[in-house]
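Just below is one structure, and these are the notes that go with it.
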Number of protein chains: 2
Amino acid sequence: MSPTTDAAVSPLLTEGVAEAAETEAATKNLVFVAAERLFALHGFQNVSVRDITAAAGVNLASVNYHFGSKDALLLEIFRRRTAELNRERARMLHEANDRHAGKPTVRDVLAALLTPPLRWLAPDHERRISLQFLIRARSEGTDDIRQILKTDVSHLRRFSDALLIARPDLSPEDVYWRLHFTLGMLHNNRFAEFDRLNVLSEGTTSEGDVVALLARMLAFAEAGFAA
Amino acid sequence: MSPTTDAAVSPLLTEGVAEAAETEAATKNLVFVAAERLFALHGFQNVSVRDITAAAGVNLASVNYHFGSKDALLLEIFRRRTAELNRERARMLHEANDRHAGKPTVRDVLAALLTPPLRWLAPDHERRISLQFLIRARSEGTDDIRQILKTDVSHLRRFSDALLIARPDLSPEDVYWRLHFTLGMLHNNRFAEFDRLNVLSEGTTSEGDVVALLARMLAFAEAGFAA
DNA sequence: GTCTATACTACGATAGAC
DNA sequence: GTCTATCGTAGTATAGAC
């Protein structure tokens with residue numbers, strides 16, 4: 001499996017090098033993908049390093065070699081997916097800014113915040129498993145992740161600033177608290193919570209229609225901001 | 001330490017028996033209290049059975065003997081504290097029903113739902129540690145607890161029914177979804193989320209004033225229901 | 001540099017002595 | 001009822017193969 005040896009032994013030098021380079025990246029990526037999926041489906045604590053490496057078809061020590069530890073693996077997946085999600089949000093906010101000459105409405109700001117995660121939530125979306133991972137990592141995660149959630153507000157700053165501009169009549173505390181409540185609405189969209197809602201409503205609610213869900217959430221949050 | 005041995009050796013038979021009976025109940029309770037506190041402060045996964053029994057001053061096997069397993073211990077604490085909290089909520093809803101001849105306002109219903117947990121949240125409240133435990137158990141808990149959260153809606157039924165009566169003009173789906181959003185606001189009141197809010201607002205927000213927080217939440221949720 | 005086999009430590013759980 | 005010894009499994013560290 002060693003690239004140097006393969007290249008030296010094999011007469012097909014270029015192919016050997018190419019394979020080696022792919023293998024290097026491939027092993028790490030196999031672990032990454034298998035771990036994200038298993039964590040999303042069964043939870044961090046219910047998935048062992050042995051489960052991950054078995055599913056990925058790699059050696060047990062691969063996790064520690066490529067990521068340092070099981071915790072660090074979780075953190076790396078969390079960071080990458082969070083960055084992707086926040087990039088989509090920032091882009092939507094930017095577009096709203098352009099449309100409204102730097103002063104978008106409360107609804108536009110909230111839409112930029114809520115739409116990307118709800119898009120990922122759609123049953124047929126390619127990022128659905130990633131969102132499920134993020135949801136579980138956020139609540140079941142390690143102390144590292146909890147620390148990030150506590151202190152990293154850089155991606156939220158853009159949104160709170162835009163809301164302060166949209167509602168200059170409100171005190172900053174009011175704006176921050178209402179943003180906090182809106183995030184609570186969003187983060188409560190775990191699959192367990194949907195199940196409970198379905199039991200309570202006896203099946204009349206359907207979270208599969210993410211467009212309708214987004215409309216409901218926006219209406220509720222916008223009303224909360226208007227009060 | 002063995003009660004039988006003590007009673008047989010000691011001339012003070014009754015005292016030995018009494019001590020034994022007290023010890024039986026006391027040991028279980030010592031474990032219960034120590035576990036709740038440690039789980040609340042450090043999280044379920046970060047606290048070992050050895051930590052709990054050491055803090056309680058009892059033998060390692062006590063957890064398994066009195067509760068069956070570490071998971072079952074968590075579940076028993078969760079059940080007891082949840083029952084206490086929901087009893088307070090039900091009492092408040094009952095009082096609101098009495099005041100309004102069986103048709104309380106949306107605000108009254110929401111107040112009955114939100115006030116008890118926010119009372120427990122107060123810095124000097126005797127149940128503050130229990131609420132912190134419940135918050136952590138809800139998000140970091142075992143599959144048993146997740147299953148309960150998914151399927152047990154009996155305590156919520158009272159509130160959804162009252163809301164359906166208060167707003168007969170809304171479709172049941174609307175009511176269920178808005179209740180879901182309101183619960184999201186409430187469940188987002190974890191200590192980590194408060195910390196982030198404080199960072200974002202640069203210290204101008206204060207969750208210590210639970211009366212003001214309750215007023216803010218009620219105003220936001222009521223507006224969401226009014227829309 | 002990567003990968004593999006293997007050993008080490010800590011955990012929850014349990015059987016059997018008392 | 002309580003305690004000790006021990007088991008299986010987990011995450012991790014490391015020596016050596018390639």
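Here is how names work: the chains are called A, B, and so on, in the same order as the sequence lines, proteins then strands, and each is numbered from 1. What's counted below: heavy atoms across the whole structure, side chains too, no hydrogens, waters or symmetry copies. All of these numbers come straight from a predicted model, not from anything done at the bench.
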Check the pair B:R216 / A:E173 against salt bridge (Lys or Arg N to Asp or Glu O under 4.0 Å), numbers first and verdict last.
CA-CA 11 Å; B:R216 284 183 195 279; A:E173 293 95 302; 5.9 Å; no
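- One interatomic measurement links the two molecules: CG of A:N64 to P of D:dT14, which rounds to 11 Å at whole-angstrom precision.
- Checking the phosphate oxygens (OP1, OP2) of C:dT2, a side-chain nitrogen or oxygen of A:Y65 falls inside 4.0 Å.
- Listed in residue order, the members of residues 133-140 of chain A having a heavy atom less than 4.0 Å from DNA chain D come to none.
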Check step by step if salt bridge (Lys or Arg N to Asp or Glu O under 4.0 Å) holds for A:E36 and A:R136.
CA-CA 11 Å; A:E36 178 182 36; A:R136 295 198 85 131; over 6 Å; no
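- At most 12 non-hydrogen atoms from other residues, nucleotides or ligands lie less than 6.0 angstrom from CZ of B:R79.
- In terms of the side chain to side chain contact (heavy atoms under 4.5 Å, CB included) criterion, residue partners of A:E207 (sequence neighbours excluded) are, by chain and number, A:F194, A:N198, B:W177.
- Residues passing the ring-ring contact (aromatic ring centres under 6.0 Å, His included) test with A:F133: none are found, sequence neighbours excluded.
- When rounded to the nearest whole Å, the span between NE2 of B:H42 and C1' of C:dC11 equals 18 Å.
- The nearest whole Å value for the distance from the CZ atom in B:F67 to the C1' atom in C:dA13 is 16 Å.
- A heavy atom closer than 4.0 Å to some atom of DNA chain C occurs in B:V47, B:S48, B:V49, B:R50, these being the qualifying members of residues 44-51 of chain B.
- Listed for the A:D71 side chain is no donor-acceptor partner under 3.5 Å among the backbone atoms of A:L73.
- Spacing between atom CG of B:D71 and atom P of C:dA13 amounts to 6 Å, rounded to whole angstrom units.
- Taking the ring axis of B:F44 as reference, the NZ or CZ atom of B:K70 stays within 45° of it and closer than 6.0 Å to the ring centre.
- Proximity of a side-chain donor or acceptor of A:R89 to a complementary backbone N or O of A:L113 within less than 3.5 Å is detected.
- Figure legend: cation-pi geometry between B:R80 and B:F32, with NZ or CZ positioned under 6.0 Å from the six-membered ring centre and within 45° of its axis.
- Only A:L60, A:A61, listed by number, bring a heavy atom of residues 52-63 of chain A to less than 4.0 angstrom from any atom of DNA chain D.
- Contact check, A:S69 against D:dG11: no side-chain N or O comes under 4.0 Å of OP1 or OP2.
- Tested against B:E84, the residues B:R127, B:R119, B:R91 include a single salt bridge (charged side-chain N to carboxylate O under 4.0 Å, His left out) partner, B:R127.
- The side chain to side chain contact (heavy atoms under 4.5 Å, CB included) search around A:N188 returns A:R190, A:E193, B:H180, B:L183, B:H187, not counting sequence neighbours.
- C:dT14 atom P lies 15 Å from atom NZ of B:K70, rounded to whole Å.
- Residue B:H66 places no side-chain N or O under 4.0 Å from the OP1 or OP2 atom of D:dG1.
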